[in-house]
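Lettering of chains follows the sequences in order, A, B, ..., and the numbering in each one begins at 1. Just so it is clear, the values below take in all heavy atoms, side chains as well, and ignore hydrogens, waters and symmetry mates. Predicted model only: the values in this text are computed from it and were never measured.
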Amino acid sequence: MKTCLVVDDSRVIRKVARRILEDLGFEVAEASDGLEAMAWCSAVMPDMILLDWRMPGMDGLEFLRRLRAEPGGETPKVVFCSAETDLDRISEALDTGADEYIMKPFDGGIVAGKLDYLGLAA
Amino acid sequence: MIEPTDRAFLADLCLQRAGLQVDPEKAYLIDSRIAPVARREGFASPRDFVDALRADPDGRMSWALVEALSQSETDFFRDRRVFVHLVDEVLPALAAAHGGQPVRVWSAACGAGQEIYSLAMMLADAPGTPTATELYASDLSERALEKAQAGLYSQFEIQRGLPARTLVRHFEKQGDSFVLSPRIRQMIRWRRVNLLDDLSRLGQFDLILCRHLLPQLAPGAQALVLAQLQRSLAPGGRLVLGLRDPTGDLVAVDPAFGVYAAPSEAARSAA
Ligand SMILES: C[S@@+](CC[C@H](N)C(=O)[O-])C[C@H]1O[C@@H](n2cnc3c(N)ncnc32)[C@H](O)[C@@H]1O
């Protein structure tokens with residue numbers, strides 16, 4: 001089973017994302033900020049990371065930079081999932097190493113489409 | 001309140017105008033689609049809208065009815081591999097057979113433009129010299145065409161099927177919406193076309209896309225539209241249908257990608 005780490009400081013969003021991803025056949029783990037996510041990834045790299053941008057402590061972009069510098073940190077597909085909809089900021093996320101970008105609010109159809117594009121569909 | 005006899009009248013009107021198969025038993029569907037149109041068109045109630053249609057079944061309101069009861073939702077790059085196949089295989093083959101003449105492509109029920117724009121963006125982004133194409137798109141719905149021409153999509157619409165890289169490359173933000181660059185929009189020529197009407201004035205096309213419309217049509221209309229589209233195909237042309245669309249007597253060329261040829265044509269090229 002493919003694994004996905006959901007990183008978001010909102011418990012509600014994590015819950016919504018978990019439901020969608022589990023329906024798509026993923027095993028889901030949660031982290032509430034970049035630091036916690038980093039600890040998770042040093043133990044096991046997931047197949048995919050759904051990543052919020054604005055979080056207290058280590059934000060999504062900073063996490064992504066550090067992840068990509070880790071050994072094995074190139075492997076997970078990273079999909080940003082953020083309320084930021086400015087196209088320059090989206091470009092910045094992609095240039096930093098994100099594979100895809102989802103603007104909040106989102107639904108199952110949007111997530112499924114992105115995973116399909118990334119070749120992660122079950 | 002819309003009565004059962006009214007629903008039968010509305011379903012029949014959709015069939016006459018557009019070939020649409022509407023089930024008059026689906027009261028909830030019909031009521032929920034009619035109410036917003038009635039409001040938008042300034043009627044005090046759905047009842048008044050139906051009365052206006054009865055008084056003038058050939059008028060402008062009948063098109064508002066058809067728009068309301070046809071299924072127009074779609075994604076960008078719907079069944080993505082189909083687009084890859086068209087750009088990598090089908091279009092270059094058609095171009096080669098043409099000796100460099102531009103390949104004429106027609107999106108024959110283009111909705112709000114996602115399908116033809118997906119193709120246009122892929123052609124614009126293709127490495128090397130993209131296949132020379134002329135892109136045409138049409139729909140029955142004026143509203144769909146206006147939206148398509150404006151190239152303006154909501155945040156929800158834009159995220160359906162469109163990769164983020166493609167979004168930032170070809171779109172600008174406009175308020176809460178996203179607008180496609182003029183460069184891509186200018187690649188398409190638009191026209192309002194009812195596929196039940198005589199299509200001969202449109203000329204012939206090398207590649208016709210008619211995806212996700214046929215399942216909405218009554219059997220007779222399906223056959224009529226398929227026959228008309230076959231006649232609009234240039235020699236050697238290809239018709240692209242949705243992956244679960246009915247295919248009539250067409251000859252499968254690459255059915256995994258929805259690519260078909262006219263039967264007479266297949267006989268000719270096999271000979
Ligand atoms: C689901 S959309 C298909 C969009 C696009 N082909 C795609 O696959 O992405 C179906 C479209 O068919 C149009 N349509 C319905 N009846 C039609 C007719 N008789 N002639 C032309 N277009 C029609 C509707 O207005 C609607 O926009």
Quick one, A:K2 with A:E27, criterion salt bridge (Lys or Arg N to Asp or Glu O under 4.0 Å). Give me CA distance, side-chain angles, the key distance, then yes/no.
CA-CA 6 Å; A:K2 293 217 164 88; A:E27 191 185 327; over 6 Å; no
Hey, do the aromatic rings of B:Y117 and B:F76 have their centres closer than 6.0 Å?
no
So what's closer than 4.5 Å to chain A heavy atoms on B:L162: side chain, backbone, both or neither?
backbone
Which atoms of A:Y117 are under 4.5 Å from chain B, going by heavy atoms: the side chain, the backbone, both sets, or neither?
side chain
Proximity breakdown for A:L118 and chain B, heavy-atom pairs closer than 4.5 Å
neither
Of the backbone (N, CA, C, O) and the side chain (C-beta and beyond), which part of B:R169 lies under 4.5 Å from a heavy atom of chain A, both, or neither?
neither
Return yes if a side-chain donor-acceptor contact under 3.5 Å exists between B:T74 and B:Q114, otherwise no.
no
Under a 4.5 Å heavy-atom cut-off, does chain A meet the side chain of B:F77, its backbone, both or neither?
neither
For chain B, the option from A:P105, A:S91, A:A93 that forms the most heavy-atom pairs under 4.5 Å
A:P105
Do the side-chain N and O atoms of A:K104 and A:S82 include a donor-acceptor pair separated by under 3.5 angstrom?
no
Shorter than 4.5 Å, heavy atoms on both sides: which option in A:D86, A:D95, A:D116 has the most such pairs with chain B?
A:D95
Using atom types as modelled and distance alone, determine if a side-chain donor or acceptor of A:E84 lies under 3.5 Å from a backbone N or O of A:R89.
no
OG1/A:T96 to CD/A:E62 distance, rounded to the nearest 0.5 angstrom?
10.0 Å
Which of A:D88, A:D99, A:I90, A:L94 touches chain B most, by non-hydrogen pairs under 4.5 Å:
A:L94
